[in-house]
Amino acid sequence: MLCSSINTSTPPRTVIIGIGNWLLGDEGVGIHLISALSEHLAGYANVTIVDGGTSPDAMLLLDDVDRLIVLDAVNGGREPGTVYRFAGEDIEHLKSSGVSLHEWSAADSLMAISLIGKLPHETVVIGIEPELVGWGTSLSDTVGNKLPEVIGLVLNEIQANKLAGRN
């Protein structure tokens, strides 16, 4: 996996991108998560939240990103509400496993970024197994109840890097 180099003259830039269609219930969990995260991230320097909507290819437009956290629904075949975390070589596995609910998946975007040599130094995908995918703007209780856990995971990702001097 190709990674971009870290610019040591400025603090690392972290981008959190939420992917999903908020009109399709649990499929929109990434969008619900970035909305909920915005209030928790006010004190974090160099953290940007991006609403990727139904276009995971929006990641291709990101530049000068040291750390990328992708939030999405993940169809991994486990119990609804299962929380997944993929990093490093696990992300390459996403492409072949068919875990995305989108035609152009977050894994496709990450592979494309890798091919052009702009993959951030650190990339993490955090997802939740959906329960209900269909018309509606609300998350199922099963998935909605997992939002605090995922928010905690994202904050831990950021805090771990901050303590390591990377934020």
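Residue numbers run from 1 in the order of the sequence given. Excluded from the calculations below are hydrogen atoms, water molecules and symmetry mates; all remaining heavy atoms, backbone and side chain alike, are included.
- In this structure, CD in Glu27 is found 9.5 Å from CD1 in Ile19, a value given to the nearest 0.5 Å.
- At a threshold of 4.5 Å between non-hydrogen side-chain atoms, the residues Ile128 and Asp26 do not count as touching.
- Screening Thr123, Leu37, Val125, Ile158 for a side chain to side chain contact (heavy atoms under 4.5 Å, CB included) with Ile69, the sole residue that qualifies is Ile158.
- Remark: Trp135 CH2 to Thr137 OG1 distance equals 11.5 Å, nearest 0.5 Å.
- Within the 4.5 Å cutoff, the side chain of Val70 has no heavy atoms near those of the Phe86 side chain.
- Val124 and Ala87 make their closest contact through CG2-CB, 4.3 Å (heavy atoms, listed as atom of the first residue, atom of the second, distance).
- Taking the side chain as every heavy atom from C-beta outward, Tyr84 and Ile126 never approach each other to under 4.5 Å.
- With contacts defined as side-chain heavy-atom distances shorter than 4.5 Å, the pair Glu129/Asn75 qualifies.
- Listed by chain and residue number, Ile16, Ile49, Asp51, Leu71 satisfy the side-chain contact (heavy atoms from CB on, under 4.5 Å) test with Ile34 (two or more places apart in sequence, or in another chain).
- By the 4.5 Å heavy-atom criterion applied to side chains, Thr14 and Asn46 are not counted as neighbours.
- Inter-residue side-chain proximity for Leu153 and Arg85 is flagged as unmet; no heavy-atom pair is nearer than 4.5 Å.
- With rounding to the nearest 0.5 angstrom, the CG atom of Leu33 is 6.0 Å from the CD1 atom of Ile151.
- In terms of heavy-atom proximity, Val143 sits nearest to Glu131 at CG2-N, 3.9 Å.
- Scanning all heavy atoms of the two residues, the minimum distance from Val74 to Pro130 falls at O-CD, 3.4 Å.
- Minimum interatomic distance between Ser140 and Leu132 (heavy atoms only, all atoms of both residues): CB-CD1, 3.9 Å.
- Under a 4.0 Å N-O distance rule, the pair Arg67/Glu157 does not qualify as a salt bridge.
- Between the Ser35 side chain and the His32 main chain, no donor and acceptor come within less than 3.5 Å of each other.
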